[in-house]
Amino acid sequence: MKFLLLLSVIILVTASKKAVVTDKVYMDIGVGDEVYRVKLGLFGEIVPKTVSNFRALITGEFVEENELLTYKNSIFHRIIPGFVLQVGDLHTRVVDGVLDSKRPLGTGGASIFGDRFDDENFSIKHKRKGLLSMANSGPGTNGSQVFLTLAPFPHLDNKHVVFGTVLDKKSMEIVEMLSKVETDSKDQPIEHVVVVGCGLLE
């Protein structure tokens, strides 16, 4: 009984926390000859494990089987106007302008905690555009794939972990511009949309 009461208090406290940006990062996104910087803020107080995973993949500080795990050179493999931009298949990269994929596009990924890790919590809801959330293939299957929202999507609540946000107006304008690139029938961009660089912001 005491355990259940304590658990209820923990859940209540977590749910009542305000989503405060604790870390700031960037992705430099290349399309053709143009490069655009998107700045992102991460909610490390509410979802510290999820944030630490994303942050480590941004900085490229983790090695798995002699391979650096990083978003650099990965692509936005799924773009749906009015819905999401998805990135993070670390097994598919652009090398010297050529797509190099070790698995079917959009199925790869990894985390600093192993292949997959559990949903941390669903405290933050998908209530506006510009939120950064974990993509998954079901409960407890978080890895490196993430998406940016282009509108509120309550049907994603309690299924995907929100852990960050687009930081400023200019970055959001870039996200919305990228959402309009030409795609094929599988929502994959015709021209590569590549993370050419990423890192921490001071």
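With values rounded to the nearest 0.5 angstrom, Lys72 atom NZ is found 12.5 Å from Thr59 atom OG1. The distance from the CZ atom of Phe76 to the CZ atom of Phe147 is 12.5 Å, given to the nearest 0.5 Å. Taking CZ from Phe163 and CG from Leu40, the interatomic distance works out to 8.0 Å, rounded to the nearest 0.5 Å. In this structure, OG in Ser123 is found 6.0 Å from CD1 in Ile46, a value given to the nearest 0.5 Å. Once rounded to the nearest 0.5 Å, the distance linking NZ of Lys24 with CG of Asp168 reads 9.5 Å. Within the model, atoms CG of Leu167 and CG of Leu201 stand 7.0 Å from one another, a figure rounded to the nearest 0.5 Å.
The pair Lys18-Glu45 does not count as a salt bridge, with every side-chain nitrogen at least 4.0 angstrom from each carboxylate oxygen. Salt bridge absent: Lys125 and Asp157 never bring a charged side-chain N and a carboxylate O closer than 4.0 Å.
Geometrically, Lys159 does not engage Phe122 in a cation-pi contact defined by less than 6.0 Å to the ring centre and at most 45° from the axis.
The backbone N or O of Asn142 sits nowhere less than 3.5 Å from a side-chain atom of Asp119 that would complete a donor-acceptor pair. Side-chain atoms of Asn53 come within 3.5 Å of backbone N or O of Gly143 as a donor-acceptor pair. The backbone N or O of Gly108 lies less than 3.5 Å from a partner atom in the side chain of Asp89, making a donor-acceptor pair. Proximity of a side-chain donor or acceptor of Glu120 to a complementary backbone N or O of Thr50 within less than 3.5 Å is detected.
Contact annotation: the side chain of Val193 never approaches that of Ile75 to less than 4.5 Å [non-hydrogen atoms, C-beta and beyond]. Residues Val195 and Asp28 form no side-chain contact, since every pair of their non-hydrogen atoms from C-beta on lies 4.5 Å or further apart.
Minimum heavy-atom separation, Ser144 to Leu57: CB-CD1, 3.5 Å. Among all heavy-atom pairs drawn from Leu200 and Tyr26, the shortest one is O-CE2, 3.7 Å. For His160 against Met134, the heavy-atom pair with the smallest separation is ND1-O, 2.8 Å. Nearest heavy-atom pair, Ile79 versus Thr183, reported as atom, atom and distance to 0.1 Å: O-CG2, 3.8 Å.
Screening Lys39, Arg37, Glu176, Met27 for a side chain to side chain contact (heavy atoms under 4.5 Å, CB included) involving Ser171 leaves a single residue, Lys39.
At a cut-off of 3.5 Å, with distance as the only test, no side-chain donor of Thr92 or His77 sits close to an acceptor on the other residue.
Taking the six-membered ring for Trp and thresholds of 30 and 60 degrees, Phe54 and Tyr71 have ring planes inclined between 30 and 60 degrees apart.
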